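Beneath this line is the structure, given in structure tokens, with notes to follow.
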Amino acid sequence: MKAAVFSRYGPPEVLEVKDVHKPVPKEDEVLVRVHATTVCAGDWRIRKADPFLGRIITGLWRPRITIPGMEFAGTVESVGKAVTHFSAGDEVFGSPGFKFGANAEYVCVRENGTLAKKPVNMSFEEAAAVLFGGVSALYFLRKARIQSGQKILIYGASGSVGVFAVQLAKHFGAHVTAVCSTPNLDLVKSLGAEQALDYTREDFSKAAQVYDIVFDTVGKSGWARSLKVLKRGGYYVRVGGSGRLLSMLGDIVRGMWVTFTGAAKSIGGIAGESAGDLEFLKRLIEADKLRTVIDRRYTLDEIAEAHRYVEAGHKKGHVVIVLEQTKC
Ligand SMILES: NC(=O)c1ccc[n+]([C@@H]2O[C@H](COP(=O)([O-])OP(=O)(O)OC[C@H]3O[C@@H](n4cnc5c(N)ncnc54)[C@H](OP(=O)(O)O)[C@@H]3O)[C@@H](O)[C@H]2O)c1
């Protein structure tokens with residue numbers, strides 16, 4: 001099968017499309033023929049080994065994971081002997097999680113992993129782009145114990161985590177203020193934000209507003225500005241960050257301090273994925289309460305170009321790779 005492959009860490013050019021062995025499903029696994037997959041922040045970070053210390057997990061000198069891709073939608077090709085919930089021909093969407101490997105014609109995932117039947121009202125391209133942003137946004141909004149009637153500021157509202165955070169916060173009944181750049185103001189309003197602030201023209205901390213939650217998807221809201229607009233004891237959520245060791249350590253220490261003093265509850269770390277979350281998102285999608293935003297589409301052969309665009313950090317929603325075999 002064809003797959004995007006990198007055998008050393010580095011810039012987008014380390015990616016090549018190669019013929020590799022088609023995976024064989026284990027007893028509890030499902031083999032999916034991938035129709036659409038994505039390039040997300042997790043993909044360029046693993047290709048580049050960013051943060052550097054991630055190499056402890058992904059391989060010190062050479063990457064142990066060589067095929068990127070954290071999201072896919074496709075058709076079940078075959079299943080392992082112990083699989084009971086899926087069969088050949090099912091249209092599914094899911095994620096191999098931190099095993100990666102979805103930027104390929106075929107991928108194997110555990111039946112009990114992050115895998116569900118594709119929402120009936122979504123194309124493969126749309127469904128492929130739900131996992132990374134949708135599950136991460138849901139995980140961190142739940143960590144912040146979001147409740148109806150609360151005020152939330154979502155900083156970095158137009159990326160893959162942001163577009164789902166805005167829609168999910170609305171679903172949970174919160175009043176949403178979204179922060180993004182000028183070209184994305186209409187987009188975030190169309191997703192349900194009551195207010196949209198342009199970070200290139202105004203400083204959100206100078207508007208006379210107080211929030212129950214400050215939800216930063218990109219790690220650029222800043223501690224001082226965020227605490228200034230956060231009500232005492234509110235949640236300061238940092239989904240993304242620079243990946244630099246000193247800044248990560250600084251965030252941990254400051255987080256512990258503000259939590260200790262009662263100024264704010266600091267939330268960070270890595271989002272968890274569960275099949276239950278995927279079913280939850282699927283129900284919202286089928287009720288027309290959640291949609292994906294596709295910025296650009298590329299073919300597998302254009303994988304390096306797609307990485308270059310995503311790594312620049314200004315995509316709107318998602319970047320989808322459409323597999324040649326089934327352009328949908
Ligand atoms: N902790 C976890 O488990 C977890 C899970 C998922 C993602 N992440 C991390 O979260 C981060 C965001 O992921 P993503 O997939 O949403 O990224 P993304 O899709 O690349 O989006 C980045 C967004 O950030 C905005 N942005 C860039 N610079 C900004 C600035 N100075 N101020 C405000 N907004 C700015 C951009 O909007 P404009 O074009 O309008 O500037 C863009 O829409 C990544 O670092 C990723 O690694 C962490």
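Note that the structure is a prediction, hence the values are computed from the model and not measured. Indexing begins at 1, ligand by ligand and atom by atom, following the structure's order. We're numbering straight along the sequence, starting at 1.
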Ranked by distance from atom 45 (O) of ligand 1, the top protein heavy atom is R45 NH2, 2.9 Å

For atom 34 (N) of ligand 1, the closest protein heavy atom turns out to be Y199 CE2, 3.4 Å

Is the closest N or O pair between A271 and ligand 1 shorter than 3.5 Å? yes

Quick note on ligand 1: atoms under 4.0 Å from a heavy atom of G156 include exactly 34 (N)

Rounded to the nearest 0.5 angstrom, the CG-CD distance for L230 and Q209 is 13.0 Å

Check for me whether A157 has a heavy atom closer than 4.0 Å to any atom of ligand 1. no

Exercise. Hey, what's the ring geometry for F164 with H318, parallel, tilted or perpendicular (30° and 60° as the breaks)?
Worked result: tilted

shortest atom 42 (C) of ligand 1-to-protein heavy-atom contact is with G313 O, 3.4 Å

- request: Using the six-membered ring of Y309, assess whether NZ or CZ of R296 lies under 6.0 Å from its centre and within 45 degrees of the ring axis.
  value: yes

Check the surroundings of atom NZ in K282: do more than 12 heavy atoms from other residues, nucleotides or ligands lie under 6.0 Å from it?
yes

When distances are taken from atom 18 (P) of ligand 1, the protein heavy atom at minimum range is K315 NZ, 3.8 Å

Check whether more than 12 heavy atoms from other residues, nucleotides or ligands sit under 6.0 Å from atom CG of D19, and answer yes or no. yes

Atom 13 (O) of ligand 1: closest protein heavy atom, distance to 0.1 Å, is V161 CG2, 3.9 Å

Below the 3.5 angstrom mark, is there an N/O of G159, backbone or side chain, next to an N/O of ligand 1? yes

Margin query: I want to know whether W223 and Y236 have ring centres closer than 6.0 Å.
Written below: yes

Can you check whether V310 has an N/O within less than 3.5 Å of an N/O in ligand 1?
-> no

Check: of F132, Y139, Y155, min heavy-atom distance to atom 32 (N) of ligand 1 comes from Y155

Checking heavy atoms under 4.0 Å, the part of H318 that sits near ligand 1 is neither

The answer for which part of S136 has a heavy atom under 4.0 Å from ligand 1 is side chain

Step by step, work out the side chain to side chain donor-acceptor pair (under 3.5 Å) result for S226 and S221. CA-CA 6 Å; S226 300; S221 60; 3.0 Å; yes

Ligand 1 atoms nearer than 4.0 angstrom to some heavy atom of G269 are 1 (N), 2 (C), 3 (O)

The protein heavy atom nearest to atom 48 (C) of ligand 1 is V239 O, 3.1 Å

When distances are taken from atom 31 (N) of ligand 1, the protein heavy atom at minimum range is K220 CD, 3.2 Å

What one should report as the nearest heavy-atom pair of F140 and I267 is CD2-CG2, 3.9 Å

In this structure, atom 39 (O) of ligand 1 is nearest to the protein heavy atom H314 ND1, 3.0 Å

Filtering T182, T217, V319, D295 for the heavy atom nearest atom 10 (O) of ligand 1 leaves T217

Worksheet item: Got an N/O contact under 3.5 Å between N184 and ligand 1?
Response: yes

Proximity of F204 and Y155 rings by center, below 6.0 Å = yes

**Q.** Geometric cation-pi criterion, K22 with Y106: 6.0 Å, 45°
**A.** yes

### Task
Give yes if a backbone or side-chain nitrogen or oxygen of I270 is under 3.5 Å from a nitrogen or oxygen of ligand 1, and no if not.
no

Checklist entry - Stepwise, does the side chain to side chain donor-acceptor pair (under 3.5 Å) test hold for E71 with T38? => result CA-CA 6 Å; E71 310 173 279; T38 66; 2.4 Å; yes

Practice problem: Report yes or no: is the cationic atom of K265 (NZ for Lys, CZ for Arg) closer than 6.0 Å to the six-membered ring centre of Y235, at no more than 45° off its axis? | Solution: yes

